[in-house]
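Each chain gets a letter, A, B and so on, in the order the sequences are listed, and its residues count up from 1.
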Amino acid sequence: MNNRPSNSKIALYAVLIALAMVFSYIEMLVPAFFFVPGMKLGLTNIVILVALYKIGDKEAFVINIIRIILVSILFGNMVSLLYSLAGGMLSTSVMILLKKTGRFSRVTVSIAGGVSHNVGQILVAAILLETSGIWWYMLILWFAGIISGLLIGILGNLVLERLG
Amino acid sequence: MKIPELKKADKIILTAIVLTGCLIGIFCLVTGSEGAYVKVTVNGSFYGNYPLGVDGTFDINGTNRLTIKDGYAYMDEADCPDGLCMKMGKISRNGQSVICLPNKVVAEIVDESRNKVDDGVDIYE
């Protein structure tokens with residue numbers, strides 16, 4: 001085990017996870033919901049985006065996963081865990097891939113992350129619920145993902161600039 | 001507030017994303033049509049078919065209530081903690097659905113042919 005991160009790094013990741021959890025909780029107080037379950041502001045992704053650009057790919061991925069698990073344990077249930085994991089893993093993977101090419105701006109990466117997050121959730125819904133009326137939700141969540149990705153990207157970018 | 005410059009690759013992929021969204025929209029419009037029945041499933045199992053043409057209120061599994069009026073269907077009562085299903089609005093087109101996740105209730109608009117193929121259930125009850 002010679003790649004164990006330093007204690008200060010572990011502490012940093014823990015703080016980021018906690019921060020992401022707080023954002024998740026705050027989101028629950030603000031119903032950003034129109035016709036469809038699962039529409040959220042995605043504020044936690046500010047933390048994930050910053051972690052992605054400031055620390056690294058793997059770290060951001062793991063921070064997101066742990067955050068999702070803890071939030072689901074505290075505020076959710078098995079079903080919400082499944083949806084969040086699907087959305088979060090797909091979203092972070094897409095963001096990492098795009099970032100690796102080095103050709104896209106942070107806002108674009110965030111938009112792609114927002115959209116793929118919702119796609120991941122819809123896929124799980126399609127499998128679990130076996131409904132075919134999924135396209136309607138896909139449409140709404142697709143554009144909701146674009147908007148929230150844009151918002152989070154701009155905010156995350158502001159944070160990253162100030163961090164230096 | 002400084003908004004970052006968009007490089008060419010950004011514009012390409014963003015356009016692609018928006019276009020895909022529009023394609024999904026077109027797909028929705030094309031495959032949608034006025035449906036004939038509301039098919040309700042609870043926890044994945046078939047629960048009932050309710051013709052859209054007949055007004056009425058129907059108890060779903062003791063936890064939700066489905067109302068059909070003027071060709072639209074909507075959930076107007078539910079004992080779930082979030083009540084999201086009741087905010088989902090009125091549905092009437094094929095493929096549209098109102099879903100109550102906590103109670104695992106799915107009310108979906110289907111037309112006659114789908115009913116027969118899917119369940120083998122005789123809809124002329």
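Although no hydrogens or angles enter the test, the distance criterion places no donor-acceptor pair under 3.5 Å between the side chain of A:W142 and the main chain of B:G25.
If you measure heavy-atom distances from B:I17 to chain A, the contacts under 4.5 Å come from both the backbone and the side chain.
B:L66 and B:Y72 are not part of a single hydrophobic cluster, where members link through side-chain heavy atoms under 4.5 Å apart.
Within the 4.5 Å cutoff, the side chain of A:I146 has no heavy atoms near those of the B:L14 side chain.
Contacts of A:F104 classified as ring-ring contact (aromatic ring centres under 6.0 Å, His included), with partners at least two apart in sequence or in another chain: none.
For the atom pair CD1 of B:I13 and CZ of A:R103, the computed distance is 10.5 Å after rounding to the nearest 0.5 Å.
More than 12 non-hydrogen atoms from other residues, nucleotides or ligands lie less than 6.0 angstrom from CZ of A:F143. Open room surrounds OH on A:Y25; 12 or fewer heavy atoms of other groups in view lie less than 6.0 Å from it. The local environment of CE in A:M89 is sparse, with at most 12 non-hydrogen atoms from other residues, nucleotides or ligands closer than 6.0 Å.
For the residue pair A:M138 and B:I24, the shortest heavy atom distance occurs at CG-CD1, 3.8 Å.
Between chain A and the options B:T20, B:L23, B:D82, heavy-atom pairs under 4.5 Å are most frequent for B:T20.
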